[in-house]
Protein chains: 2
Amino acid sequence: MADLNKLLTPLFLNEKEIRRIIELMFFSYRDFTSGPDQILEKMNFGRAHHRVIYFVGKQNNLTIKELLSILKITKQSLSRVLNQLVQEKYVILSIGEDKRTKKLSLSKKGIDLEKKLSEIQISNIHSVVKKFNESDINGFKKILFSMIEEKNQIIFNEINYRK
Amino acid sequence: MADLNKLLTPLFLNEKEIRRIIELMFFSYRDFTSGPDQILEKMNFGRAHHRVIYFVGKQNNLTIKELLSILKITKQSLSRVLNQLVQEKYVILSIGEDKRTKKLSLSKKGIDLEKKLSEIQISNIHSVVKKFNESDINGFKKILFSMIEEKNQIIFNEINYRK
DNA sequence: TTATTTAGGTCAGCCATATTGACTTAATTA
DNA sequence: TAATTAAGTCAATATGGCTGACCTAAATAA
(Lines give C-alpha, C1' and ligand atoms only; values in the text may rest on other atoms or scores of the structure.)
Protein backbone atom coordinates (compact mmCIF):
# COMPACT_ATOMS: atom_id res chain seq x y z
CA MET A 1 0.00 0.00 0.00
CA ALA A 2 2.91 2.25 0.54
CA ASP A 3 3.82 1.87 -3.10
CA LEU A 4 0.27 2.53 -4.17
CA ASN A 5 0.30 5.65 -2.08
CA LYS A 6 3.48 6.79 -3.81
CA LEU A 7 2.03 6.11 -7.23
CA LEU A 8 -1.12 8.00 -6.46
CA THR A 9 0.51 10.97 -4.79
CA PRO A 10 4.10 11.14 -5.92
CA LEU A 11 4.42 14.58 -4.37
CA PHE A 12 2.53 14.04 -1.17
CA LEU A 13 5.07 16.28 0.51
CA ASN A 14 4.71 19.70 -1.03
CA GLU A 15 7.34 22.41 -0.78
CA LYS A 16 5.89 23.85 2.38
CA GLU A 17 6.04 20.51 4.12
CA ILE A 18 9.62 19.95 2.98
CA ARG A 19 10.54 23.38 4.32
CA ARG A 20 9.14 22.30 7.64
CA ILE A 21 11.61 19.40 7.54
CA ILE A 22 14.48 21.81 6.81
CA GLU A 23 13.50 23.75 9.90
CA LEU A 24 13.09 20.59 11.98
CA MET A 25 16.66 19.68 11.06
CA PHE A 26 17.94 23.10 12.08
CA PHE A 27 16.09 23.31 15.39
CA SER A 28 16.62 19.70 16.42
CA TYR A 29 20.32 19.64 15.59
CA ARG A 30 20.93 22.79 17.57
CA ASP A 31 19.26 21.37 20.65
CA PHE A 32 20.91 18.00 20.06
CA THR A 33 24.35 19.59 20.51
CA SER A 34 23.53 22.21 23.12
CA GLY A 35 23.92 19.98 26.18
CA PRO A 36 27.50 18.83 25.54
CA ASP A 37 28.39 22.29 24.21
CA GLN A 38 27.67 23.83 27.60
CA ILE A 39 29.95 21.42 29.46
CA LEU A 40 32.72 21.72 26.89
CA GLU A 41 32.64 25.50 27.11
CA LYS A 42 33.52 25.45 30.81
CA MET A 43 36.55 23.29 29.99
CA ASN A 44 37.66 25.59 27.17
CA PHE A 45 36.88 22.84 24.69
CA GLY A 46 34.50 22.95 21.75
CA ARG A 47 32.37 20.64 19.72
CA ALA A 48 35.40 19.49 17.74
CA HIS A 49 36.88 18.04 20.91
CA HIS A 50 33.69 16.16 21.56
CA ARG A 51 33.76 14.63 18.10
CA VAL A 52 37.32 13.43 18.52
CA ILE A 53 36.60 11.97 21.94
CA TYR A 54 33.40 10.41 20.68
CA PHE A 55 34.92 8.56 17.74
CA VAL A 56 38.13 7.60 19.53
CA GLY A 57 35.97 6.23 22.33
CA LYS A 58 33.84 4.35 19.86
CA GLN A 59 36.72 2.67 18.15
CA ASN A 60 39.85 2.09 20.12
CA ASN A 61 43.13 2.28 18.24
CA LEU A 62 41.73 4.43 15.50
CA THR A 63 44.48 5.98 13.39
CA ILE A 64 44.72 9.67 12.57
CA LYS A 65 43.94 8.93 8.97
CA GLU A 66 40.78 7.02 9.84
CA LEU A 67 39.67 9.77 12.18
CA LEU A 68 40.21 12.35 9.46
CA SER A 69 38.13 10.32 7.04
CA ILE A 70 35.26 10.23 9.52
CA LEU A 71 35.41 13.88 10.52
CA LYS A 72 36.23 15.17 7.04
CA ILE A 73 38.36 18.03 8.27
CA THR A 74 41.96 18.82 7.42
CA LYS A 75 44.77 17.40 9.47
CA GLN A 76 45.74 20.95 10.42
CA SER A 77 42.28 21.46 11.90
CA LEU A 78 42.42 18.17 13.70
CA SER A 79 45.90 18.70 15.03
CA ARG A 80 45.08 21.71 17.19
CA VAL A 81 42.23 19.91 18.87
CA LEU A 82 43.98 16.57 19.12
CA ASN A 83 47.17 18.06 20.53
CA GLN A 84 45.17 19.70 23.28
CA LEU A 85 43.45 16.44 24.11
CA VAL A 86 46.77 14.57 24.18
CA GLN A 87 48.49 17.26 26.25
CA GLU A 88 45.69 17.28 28.77
CA LYS A 89 45.77 13.49 28.78
CA TYR A 90 42.30 12.70 27.52
CA VAL A 91 43.69 10.90 24.49
CA ILE A 92 46.68 8.57 24.40
CA LEU A 93 48.85 8.07 21.33
CA SER A 94 50.73 4.90 20.57
CA ILE A 95 52.60 3.69 17.54
CA GLY A 96 50.95 1.22 15.20
CA GLU A 97 52.35 -1.92 13.62
CA ASP A 98 52.92 0.22 10.57
CA LYS A 99 55.28 2.56 12.36
CA ARG A 100 54.17 5.54 10.32
CA THR A 101 50.73 5.35 11.89
CA LYS A 102 49.57 6.33 15.34
CA LYS A 103 46.80 4.71 17.29
CA LEU A 104 44.45 6.83 19.33
CA SER A 105 42.74 5.70 22.49
CA LEU A 106 41.05 7.31 25.48
CA SER A 107 42.64 7.45 28.92
CA LYS A 108 40.51 6.90 32.01
CA LYS A 109 40.08 10.68 32.10
CA GLY A 110 39.04 10.61 28.45
CA ILE A 111 36.56 7.81 28.98
CA ASP A 112 35.01 9.73 31.86
CA LEU A 113 34.60 12.86 29.79
CA GLU A 114 33.24 10.90 26.85
CA LYS A 115 30.63 9.32 29.13
CA LYS A 116 29.69 12.64 30.67
CA LEU A 117 29.15 14.26 27.28
CA SER A 118 27.48 11.39 25.51
CA GLU A 119 25.24 10.54 28.45
CA ILE A 120 23.45 13.83 27.96
CA GLN A 121 22.69 13.03 24.36
CA ILE A 122 21.90 9.41 25.09
CA SER A 123 19.45 10.30 27.80
CA ASN A 124 17.87 13.03 25.68
CA ILE A 125 17.39 10.62 22.80
CA HIS A 126 16.20 7.90 25.10
CA SER A 127 13.55 10.09 26.63
CA VAL A 128 12.42 11.05 23.12
CA VAL A 129 12.27 7.62 21.54
CA LYS A 130 10.49 6.02 24.47
CA LYS A 131 7.49 8.16 23.56
CA PHE A 132 7.25 6.53 20.13
CA ASN A 133 6.66 3.11 18.73
CA GLU A 134 9.14 1.05 16.78
CA SER A 135 7.59 1.95 13.46
CA ASP A 136 8.14 5.67 14.11
CA ILE A 137 11.69 5.04 15.28
CA ASN A 138 12.47 2.92 12.25
CA GLY A 139 11.13 5.60 9.94
CA PHE A 140 13.25 8.16 11.74
CA LYS A 141 16.42 6.08 11.45
CA LYS A 142 15.85 5.02 7.87
CA ILE A 143 15.24 8.55 6.67
CA LEU A 144 18.19 10.03 8.55
CA PHE A 145 20.40 7.35 7.04
CA SER A 146 19.02 8.05 3.61
CA MET A 147 19.89 11.74 4.02
CA ILE A 148 23.56 10.82 4.24
CA GLU A 149 25.45 10.94 0.95
CA GLU A 150 26.25 7.52 -0.44
CA LYS A 151 29.99 7.70 0.10
CA ASN A 152 29.41 8.72 3.69
CA GLN A 153 26.82 5.99 4.20
CA ILE A 154 29.67 3.60 3.44
CA ILE A 155 31.83 5.19 6.13
CA PHE A 156 28.89 5.14 8.53
CA ASN A 157 28.42 1.44 7.92
CA GLU A 158 32.12 0.75 8.29
CA ILE A 159 32.34 2.31 11.70
CA ASN A 160 29.19 0.55 12.85
CA TYR A 161 29.59 -2.90 11.41
CA ARG A 162 33.30 -3.55 11.46
CA LYS A 163 34.28 -6.94 12.70
CA MET B 1 -0.20 -1.90 21.20
CA ALA B 2 2.48 0.71 21.11
CA ASP B 3 1.95 1.24 24.82
CA LEU B 4 2.09 -2.45 25.51
CA ASN B 5 5.33 -2.63 23.58
CA LYS B 6 6.74 0.16 25.71
CA LEU B 7 5.62 -1.53 28.91
CA LEU B 8 7.16 -4.81 27.88
CA THR B 9 10.42 -3.41 26.58
CA PRO B 10 10.96 -0.02 28.16
CA LEU B 11 14.55 0.00 26.90
CA PHE B 12 14.07 -1.47 23.47
CA LEU B 13 16.75 0.88 22.24
CA ASN B 14 19.94 0.00 24.04
CA GLU B 15 22.91 2.32 24.33
CA LYS B 16 24.54 1.03 21.20
CA GLU B 17 21.44 1.72 19.16
CA ILE B 18 21.12 5.20 20.62
CA ARG B 19 24.74 5.89 19.76
CA ARG B 20 23.91 4.94 16.20
CA ILE B 21 21.27 7.68 16.30
CA ILE B 22 23.85 10.18 17.57
CA GLU B 23 26.02 9.31 14.59
CA LEU B 24 23.09 9.46 12.19
CA MET B 25 22.42 13.01 13.39
CA PHE B 26 26.05 14.00 12.88
CA PHE B 27 26.44 12.49 9.41
CA SER B 28 23.03 13.51 8.10
CA TYR B 29 23.24 17.08 9.32
CA ARG B 30 26.64 17.55 7.76
CA ASP B 31 25.41 16.37 4.38
CA PHE B 32 22.17 18.30 4.80
CA THR B 33 24.13 21.58 4.90
CA SER B 34 26.94 20.76 2.48
CA GLY B 35 25.11 21.68 -0.74
CA PRO B 36 24.24 25.27 0.18
CA ASP B 37 27.61 25.66 1.93
CA GLN B 38 29.43 25.12 -1.35
CA ILE B 39 27.47 27.82 -3.18
CA LEU B 40 27.75 30.25 -0.31
CA GLU B 41 31.52 29.80 -0.18
CA LYS B 42 31.93 31.06 -3.74
CA MET B 43 30.02 34.19 -2.79
CA ASN B 44 32.08 34.77 0.36
CA PHE B 45 29.02 34.06 2.43
CA GLY B 46 28.56 31.40 5.09
CA ARG B 47 25.87 29.30 6.65
CA ALA B 48 24.83 32.22 8.83
CA HIS B 49 23.89 34.18 5.72
CA HIS B 50 21.76 31.30 4.54
CA ARG B 51 19.88 31.18 7.82
CA VAL B 52 19.09 34.87 7.67
CA ILE B 53 17.96 34.65 4.06
CA TYR B 54 15.95 31.53 4.79
CA PHE B 55 13.96 32.94 7.69
CA VAL B 56 13.50 36.40 6.18
CA GLY B 57 12.25 34.68 3.03
CA LYS B 58 9.92 32.53 5.04
CA GLN B 59 8.33 35.38 6.87
CA ASN B 60 8.25 38.73 5.22
CA ASN B 61 8.53 41.78 7.45
CA LEU B 62 10.22 39.88 10.23
CA THR B 63 11.77 42.22 12.78
CA ILE B 64 15.36 42.01 13.98
CA LYS B 65 14.14 40.95 17.40
CA GLU B 66 12.07 38.12 15.98
CA LEU B 67 14.95 36.95 13.84
CA LEU B 68 17.25 36.96 16.85
CA SER B 69 14.78 34.86 18.81
CA ILE B 70 14.71 32.28 16.03
CA LEU B 71 18.46 32.15 15.44
CA LYS B 72 19.42 32.51 19.10
CA ILE B 73 22.60 34.43 18.43
CA THR B 74 23.62 37.84 19.73
CA LYS B 75 22.71 40.96 17.83
CA GLN B 76 26.43 41.62 17.36
CA SER B 77 26.77 38.29 15.58
CA LEU B 78 23.71 38.93 13.49
CA SER B 79 24.72 42.46 12.58
CA ARG B 80 27.89 41.48 10.71
CA VAL B 81 25.98 39.06 8.53
CA LEU B 82 22.88 41.17 8.13
CA ASN B 83 24.81 44.32 7.25
CA GLN B 84 26.54 42.45 4.44
CA LEU B 85 23.23 41.17 3.13
CA VAL B 86 21.72 44.65 3.25
CA GLN B 87 24.76 46.30 1.66
CA GLU B 88 24.80 43.78 -1.14
CA LYS B 89 21.05 44.27 -1.52
CA TYR B 90 19.82 40.78 -0.75
CA VAL B 91 17.82 42.04 2.22
CA ILE B 92 15.77 45.22 2.41
CA LEU B 93 15.12 47.12 5.63
CA SER B 94 12.06 49.23 6.25
CA ILE B 95 10.69 50.93 9.33
CA GLY B 96 7.81 49.31 11.21
CA GLU B 97 4.66 50.87 12.60
CA ASP B 98 6.49 50.94 15.92
CA LYS B 99 9.22 53.20 14.63
CA ARG B 100 11.84 51.57 16.83
CA THR B 101 11.51 48.36 14.86
CA LYS B 102 12.75 47.43 11.43
CA LYS B 103 11.15 45.07 9.03
CA LEU B 104 13.28 42.71 6.99
CA SER B 105 12.36 41.44 3.57
CA LEU B 106 14.14 39.91 0.59
CA SER B 107 14.82 41.82 -2.63
CA LYS B 108 14.41 40.07 -5.99
CA LYS B 109 18.12 39.24 -5.74
CA GLY B 110 17.56 37.86 -2.25
CA ILE B 111 14.60 35.76 -3.33
CA ASP B 112 16.67 34.32 -6.15
CA LEU B 113 19.51 33.36 -3.83
CA GLU B 114 17.09 31.93 -1.28
CA LYS B 115 15.54 29.77 -3.97
CA LYS B 116 18.90 28.63 -5.27
CA LEU B 117 20.07 27.57 -1.81
CA SER B 118 16.87 26.05 -0.54
CA GLU B 119 16.17 24.23 -3.77
CA ILE B 120 19.18 22.04 -3.16
CA GLN B 121 17.92 21.03 0.25
CA ILE B 122 14.34 20.72 -0.92
CA SER B 123 15.29 18.46 -3.80
CA ASN B 124 17.59 16.39 -1.59
CA ILE B 125 14.85 15.89 0.95
CA HIS B 126 12.30 15.25 -1.74
CA SER B 127 14.38 12.53 -3.32
CA VAL B 128 14.81 10.96 0.12
CA VAL B 129 11.24 11.04 1.33
CA LYS B 130 9.79 9.75 -1.92
CA LYS B 131 11.50 6.46 -1.14
CA PHE B 132 9.50 6.06 2.07
CA ASN B 133 5.91 5.72 3.04
CA GLU B 134 3.90 8.20 5.05
CA SER B 135 4.27 6.22 8.24
CA ASP B 136 8.08 6.43 8.04
CA ILE B 137 7.94 10.11 7.21
CA ASN B 138 5.58 10.82 10.06
CA GLY B 139 7.86 8.97 12.48
CA PHE B 140 10.79 10.97 11.18
CA LYS B 141 9.01 14.29 11.61
CA LYS B 142 7.50 13.50 14.98
CA ILE B 143 10.80 12.39 16.46
CA LEU B 144 12.76 15.33 15.09
CA PHE B 145 10.16 17.65 16.54
CA SER B 146 10.33 15.88 19.86
CA MET B 147 14.10 16.37 19.93
CA ILE B 148 13.58 20.13 20.01
CA GLU B 149 13.52 21.66 23.49
CA GLU B 150 10.06 22.68 24.60
CA LYS B 151 10.65 26.42 24.50
CA ASN B 152 12.00 26.08 20.97
CA GLN B 153 9.10 23.87 19.92
CA ILE B 154 6.93 26.87 20.74
CA ILE B 155 9.02 29.09 18.48
CA PHE B 156 8.95 26.44 15.77
CA ASN B 157 5.18 26.31 15.96
CA GLU B 158 4.89 30.08 15.94
CA ILE B 159 6.86 30.47 12.74
CA ASN B 160 4.91 27.66 11.07
CA TYR B 161 1.39 28.28 12.20
CA ARG B 162 1.10 32.02 12.48
CA LYS B 163 -2.01 33.48 10.96
C1' DT C 1 5.75 64.97 31.96
C1' DT C 2 9.47 62.67 33.34
C1' DA C 3 11.59 58.19 33.94
C1' DT C 4 12.15 53.71 32.32
C1' DT C 5 12.11 50.22 29.06
C1' DT C 6 12.60 48.53 24.47
C1' DA C 7 14.52 48.00 19.61
C1' DG C 8 18.28 48.54 17.32
C1' DG C 9 23.18 49.83 16.37
C1' DT C 10 28.24 49.99 17.04
C1' DC C 11 33.09 49.47 18.62
C1' DA C 12 36.57 46.55 20.28
C1' DG C 13 38.50 42.37 21.49
C1' DC C 14 38.40 37.36 22.13
C1' DC C 15 37.88 32.41 20.91
C1' DA C 16 36.84 28.17 18.22
C1' DT C 17 36.79 26.01 13.99
C1' DA C 18 37.55 25.62 9.69
C1' DT C 19 40.47 26.52 5.32
C1' DT C 20 44.85 26.67 1.94
C1' DG C 21 49.66 26.24 0.87
C1' DA C 22 54.22 24.88 1.67
C1' DC C 23 57.37 22.05 3.69
C1' DT C 24 59.47 18.19 6.73
C1' DT C 25 60.35 13.49 8.56
C1' DA C 26 60.16 8.70 8.74
C1' DA C 27 58.47 4.41 7.16
C1' DT C 28 56.56 1.49 3.76
C1' DT C 29 56.04 -0.18 -0.83
C1' DA C 30 56.93 -0.50 -5.84
C1' DT D 1 66.64 3.11 -5.00
C1' DA D 2 62.50 5.89 -5.94
C1' DA D 3 57.94 6.92 -4.95
C1' DT D 4 54.26 6.98 -1.89
C1' DT D 5 52.09 7.31 2.52
C1' DA D 6 51.17 8.84 7.47
C1' DA D 7 51.89 12.26 10.29
C1' DG D 8 53.46 16.84 11.83
C1' DT D 9 54.25 21.82 11.49
C1' DC D 10 54.27 26.88 10.27
C1' DA D 11 51.79 30.68 8.65
C1' DA D 12 48.01 33.16 6.98
C1' DT D 13 43.01 33.71 6.36
C1' DA D 14 37.87 33.42 6.97
C1' DT D 15 33.64 32.58 9.46
C1' DG D 16 30.78 32.74 13.18
C1' DG D 17 30.15 32.78 17.60
C1' DC D 18 30.89 35.45 22.25
C1' DT D 19 31.32 39.48 26.01
C1' DG D 20 31.29 44.20 27.54
C1' DA D 21 30.47 48.85 27.01
C1' DC D 22 28.04 52.35 25.15
C1' DC D 23 24.69 55.07 22.14
C1' DT D 24 20.15 56.76 19.98
C1' DA D 25 15.40 57.09 19.43
C1' DA D 26 10.84 55.68 20.33
C1' DA D 27 7.33 53.81 23.21
C1' DT D 28 5.39 53.09 27.59
C1' DA D 29 4.74 53.48 32.67
C1' DA D 30 4.87 56.13 36.88
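All chains are named by letter (A, B, ...) in the order of the sequence lines, taking the proteins before the strands, and each is independently numbered beginning at 1.
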Among residues at least two apart in sequence or on other chains, which ones pass salt bridge (Lys or Arg N to Asp or Glu O under 4.0 Å) with B:K16? none
Tell me, please, the opening and closing nucleotides of DNA chain D, 5' to 3', among those with an atom under 4.0 angstrom from a non-hydrogen atom of chain A. D:dT5 to D:dC10
Residues which pass ring pair (Phe, Tyr, Trp, His ring centres under 6.0 Å) with A:Y29, listed by chain and number, not counting sequence neighbours: A:F32, B:Y29
Holding to side chain to side chain donor-acceptor pair (under 3.5 Å), I want the full list of residues that pass it with A:S107, two or more places apart in sequence or in another chain. none
Rounded to the nearest angstrom, tell me the gap between atom CD in B:Q38 and atom P in C:dA18. 17 Å
Pairing residues for A:K102 by the salt bridge (Lys or Arg N to Asp or Glu O under 4.0 Å) criterion, not counting sequence neighbours: none
For B:K141, enumerate each residue passing the salt bridge (Lys or Arg N to Asp or Glu O under 4.0 Å) test, keeping only those at least two apart in sequence or located in another chain. none
Interatomic distance, B:K99 NZ vs C:dT5 C1' [rounded to whole Å]: 19 Å
My understanding is that only residues two or more places apart in sequence, or in another chain, count here; which of them pass ring pair (Phe, Tyr, Trp, His ring centres under 6.0 Å) with B:F45? B:H49, B:Y90
For A:F156, the ring pair (Phe, Tyr, Trp, His ring centres under 6.0 Å) test, sequence neighbours excluded, returns A:F145, B:F27
Which residues share a salt bridge (Lys or Arg N to Asp or Glu O under 4.0 Å) with B:E150, sequence neighbours left out: none
Indicate whether any N or O donor in one side chain lies under 3.5 Å from an N or O acceptor in the other, for B:N60 and B:K103. no
What's the CZ-P distance between A:R100 and C:dA27, to the nearest Å? 10 Å
Tell me which residues in residues 66-95 of chain B lie within less than 4.0 Å of DNA chain C, going by non-hydrogen atoms. B:K75, B:Q76, B:N83
Between residues 39-57 of chain A and DNA chain C, which residues have a heavy-atom gap below 4.0 Å? A:N44, A:G46, A:R47, A:A48, A:H49, A:R51
Qualifying side-chain hydrogen bond (donor to acceptor under 3.5 Å, both in side chains) pairs with a residue from residues 31-47 of chain B, counting only residues at least two apart or across chains: A:E149-B:S34, A:N152-B:D31, B:T33-B:R47, B:D37-B:R47
